[in-house]
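Just the heavy atoms: all of them, side chains too, but no hydrogens, waters or symmetry mates, feed the values below. Numbers for residues simply follow the sequence, beginning at 1.
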Amino acid sequence: MARYAMVIDMQLCTGCGGCIIGCMNENNLPEGMRWSGKITETLGRYPNTRYHYRPTLCNHCENAPCVHGCPTKSLYKAEGGITAHDINKCIGCRYCMFNCPYEGVIFYNLRQPHAEWRNDTVVIPGSTSTPAETLRRAGARGWPIYNPDPGITYASIRPRGVVEKCNFCQHRVINGELPYCVEVCPSKARTFGDLDDPQSKASQLLGMYPAERLREELGTKPRVYYIREFCPQPQPRAG
């Protein structure tokens, strides 16, 4: 069985947010929800400052606290070690969110996703279309750029009252494709592959460079690795 992992090259990542936008489009994410996110931090005082940008997503931990703590087993380990989610078993208790040590990677659907696209209010009568009319013209479900592909392994649009999270684009992986965030990254900062395959680029990169994982001290064994950190030290101020 494969052991899937993602390697993110920090010297190639430009912080453009293409991964965030691509993920939202591929997985029909509603407003305010991000399976692919970021951590930013500014240190020091001008002109001796440092800015840190780190892209984030579900870490698909080998020892996943969200899986261990789910009372209905709606979160489970799928083929390749992917941390997957079954919405038919999810009761929205949010124990997974409480147990996960990585903030902002599991989200709860507090309201009906894409409800704004069912609005039939006209902003300018006789001039503009309503959101609902736009949706009807597009012939789409939920929102105008609806993508049905995630429905192969997950609900294409998750309902209100359940959690949802990144699943490494499981619907693409099982068809031999890459997660969409990897495919759309313009600087090719992301690499996805099988750690048990020495010929995979992911394995080769981890053999070439020291890698860091978020909160490794907790023993969760994340499957998202960061290599080639670029962190210049600030120069001492003159005088």
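You'll find the side chain of H114 stays beyond 4.5 Å of the side chain of L135, heavy atoms only. Using a 4.5 Å cut-off on side-chain heavy atoms (C-beta onward), V7 and Y209 make no contact. At least one side-chain heavy atom of N63 sits under 4.5 Å from a side-chain heavy atom of H68. With a 4.5 Å cut-off on side-chain heavy atoms, C23 and C166 do not count as touching. Looking only at side-chain heavy atoms (C-beta outward), L57 and I8 come within less than 4.5 Å of each other. Inter-residue side-chain proximity for T128 and V122 is flagged as met; some heavy-atom pair is nearer than 4.5 Å. With a 4.5 Å cut-off on side-chain heavy atoms, D194 and R3 count as touching. Side-chain contact between V182 and M6 is present, with heavy atoms from C-beta onward closer than 4.5 Å.
Residue M1 belongs to no hydrophobic cluster, having no ILVMFWY side-chain heavy atom closer than 4.5 Å to its own.
Hydrophobic cluster membership differs between Y53 and M10, with clusters built from Ile, Leu, Val, Met, Phe, Trp and Tyr side chains linked at under 4.5 angstrom. There is no path of hydrophobic side-chain contacts, each under 4.5 Å, that joins V105 to I20. If you chain together hydrophobic residues whose side chains sit under 4.5 Å apart, Y108 and V67 never meet in one group. Cluster membership check: L110 does not share its hydrophobic cluster with M33, using side-chain heavy-atom separations under 4.5 Å among Ile, Leu, Val, Met, Phe, Trp and Tyr. Side-chain heavy atoms closer than 4.5 Å link hydrophobic residues (I, L, V, M, F, W, Y) into clusters, and following such links, possibly through other members, connects M208 to Y225.
Within the model, atoms CD of E229 and NE2 of H52 stand 9.0 Å from one another, a figure rounded to the nearest 0.5 Å. Interatomic distance, R136 CZ to D120 CG, rounded to the nearest 0.5 Å: 5.0 Å. How far CD of Q204 is from CD of Q199: 6.0 Å, rounded to the nearest 0.5 Å. Here the straight-line distance linking atom CD1 of I145 with atom CG of N25 works out to 4.0 Å at 0.5 Å rounding. To the nearest 0.5 Å, atoms CD1 (I106) and NZ (K165) are separated by 6.5 Å. Here the CZ-CG distance, from R213 to L218, works out to 11.5 Å after rounding to the nearest 0.5 Å.
Heavy atoms from other residues, nucleotides or ligands lying under 6.0 Å from CD of Q11 number more than 12. Within 6.0 Å of the CZ atom in R160, the count of heavy atoms belonging to other residues, nucleotides or ligands does not exceed 12. Counted within 6.0 Å of OH on Y51, heavy atoms from surrounding residues, nucleotides or ligands total more than 12; the atom is thus considered enclosed. Counting heavy atoms of neighbouring residues, nucleotides and ligands inside a 6.0 Å radius, atom OH of Y76 exceeds 12 of them.
Counting only distance, with no hydrogens or angles, the side chain of S129 and the backbone of T134 share no donor-acceptor pair below 3.5 Å. In terms of modelled atom types and a separation under 3.5 Å, the side chain of N175 and the main chain of H171 share a donor-acceptor contact. A donor-acceptor contact shorter than 3.5 Å is absent between the side chain of T49 and the backbone of L43. N27 places no side-chain N or O within 3.5 Å of a backbone atom of L29 that could act as its donor or acceptor partner. At distances below 3.5 Å, at least one donor-acceptor pair connects side-chain atoms of N147 with backbone N or O atoms of D149. With hydrogens and angles ignored, the 3.5 Å screen pairs no side-chain donor or acceptor of R94 with any backbone N or O of V163. In this structure a side-chain-to-backbone donor-acceptor pair under 3.5 Å is missing from Y102 to N59. With hydrogens and angles ignored, the 3.5 Å screen pairs no side-chain donor or acceptor of N28 with any backbone N or O of I157. Without hydrogens or angle criteria, R158 side chain to S156 main chain gives a donor-acceptor distance under 3.5 Å.
What you find for E26 and C169 is that their closest heavy atoms are CG-SG, 4.2 Å. Nearest heavy atoms, P144 versus A138: O-CB, 4.0 Å. When all heavy atoms of L206 and I227 are compared, the closest pair comes out as CD2-CG2, 4.2 Å. Summarising the geometry of P179 relative to R172, their closest heavy-atom pair is C-NE, 4.0 Å, with the distance given to 0.1 Å. The two residues D196 and S203 have their closest heavy-atom pair at N-OG, 4.5 Å. Residues L75 and C70 approach most closely at N-SG, 3.7 Å, considering heavy atoms.
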Test log, rule side-chain contact (heavy atoms from CB on, under 4.5 Å), inputs L205 and D9: CA-CA 9 Å; L205 286 173; D9 189 328; 5.6 Å; no

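Figure legend: R190 and F192 shown without cation-pi pairing, the cationic atom not lying both under 6.0 angstrom from the six-membered ring centre and within 45 degrees of its axis.
A donor-acceptor contact closer than 3.5 angstrom is absent between the side chains of E116 and W143. Checked by atom type, the side-chain pair H85/Y154 shows a donor-acceptor distance below 3.5 Å. Checking K77 against T83 by side-chain atom types alone, a donor-acceptor pair falls below 3.5 Å.
Ring centroid separation for the pair H60 and F168 comes in under the 6.0 Å cut-off.
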